[in-house]
Amino acid sequence: MSAHPSSEDLGASSPATRTESLTLFEAVAGPTRAWRTVVHDDPINLMSYVQWVFQSYFGHSADRALTLMLEVHTRGRAVVSSGPREQMETDARAMHTYGLLVTIEEEPEGGR
């Protein structure tokens, strides 16, 4: 007898069982919804600064950052990132540290 318990002794399941469990979980929970980070227009930040933030933090090209900044300026908001909720919360915290007004929201059914 070994001094250390085996995976069977600890109740570890086989890979097939883990896959079946995950499939069951997915069936119960449904597909994971995507989230998005939305930057809102504000009367404080300069448009050039907002464009710089989009380039610096998200790594957008100057053209893409300009397009997003103009969307914020003209429409009042722009979706700047989308993905898992945890990443969107990280992006939102980062935007707050840059002084931008930002929220996160769940992607609507069927995308944007």
Mind checking who shares a hydrophobic cluster with M88, ILVMFWY linked at side-chain heavy-atom distances under 4.5 Å?
W35, I104
Decide yes or no on side chain to side chain contact (heavy atoms under 4.5 Å, CB included) for F58 and V53, but give the supporting numbers first.
CA-CA 8 Å; F58 294 108; V53 170; 5.7 Å; no
Of all pairs that satisfy side-chain hydrogen bond (donor to acceptor under 3.5 Å, both in side chains), the ones with a partner from residues 69-79, not counting sequence neighbours:
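Pairs touching residues 69-79 that pass the test: R77-E105.
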Can you measure from CG (L70) to CE (M47) and round to the nearest 0.5 angstrom?
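Atom-to-atom, L70:CG and M47:CE are 7.0 Å apart.
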Approximate separation, where rounding is to 0.5 Å, of M69 CE and S48 OG:
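Output value for this atom pair is 8.0 Å.
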Heavy-atom distance under 4.5 Å between the side chains of V102 and T37, does that happen here?
yes
Side chains of V39 and F54: closer than 4.5 Å at any heavy-atom pair?
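The answer is yes, as the side chains (C-beta and beyond) meet within the 4.5 Å cut-off.
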Scanning both residues in full, the closest heavy-atom pair of A65 with H60 reads N-CB, 4.0 Å
Using every non-hydrogen atom in the two residues, find where E106 and R36 come nearest and quote the distance to one decimal.
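Reported closest heavy-atom pair: O-NE, 4.4 Å.
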Quick one: salt bridge (Lys or Arg N to Asp or Glu O under 4.0 Å) pairs with a partner in residues 86-98, sequence neighbours left out?
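Output for this query lists R85-E89.
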Taking side-chain hydrogen bond (donor to acceptor under 3.5 Å, both in side chains) as the definition, give me every residue that meets it alongside T67, ordered by chain and number, with sequence neighbours left out.
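For T67, no residue satisfies side-chain hydrogen bond (donor to acceptor under 3.5 Å, both in side chains) once neighbours in sequence are set aside.
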Run the side-chain hydrogen bond (donor to acceptor under 3.5 Å, both in side chains) test against N45 and tell me which residues pass, sequence neighbours left out.
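If we apply the side-chain hydrogen bond (donor to acceptor under 3.5 Å, both in side chains) test to N45, skipping adjacent residues, the hits are D42.
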Would you say I44 ends up clustered with V72 if hydrophobic residues are merged whenever their side chains have heavy atoms under 4.5 Å apart, either directly or through other cluster members?
no
Consider only side-chain heavy atoms of I, L, V, M, F, W and Y, link residues closer than 4.5 Å, and tell whether Y49 and L66 are in one cluster.
yes
Test of understanding: with side-chain contact (heavy atoms from CB on, under 4.5 Å), list the residues that count as partners of A62, not counting sequence neighbours.
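A62 satisfies side-chain contact (heavy atoms from CB on, under 4.5 Å) with Q51, Q55 only.
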Kindly say whether Y57 contributes a backbone atom to a donor-acceptor pair with the side chain of Y98 at under 3.5 angstrom?
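Between the backbone of Y57 and the side chain of Y98 there is no qualifying donor-acceptor contact (under 3.5 Å).
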Please walk me through it: do S82 and E107 pass side chain to side chain contact (heavy atoms under 4.5 Å, CB included)?
CA-CA 8 Å; S82 61; E107 282 278 357; 3.6 Å; yes
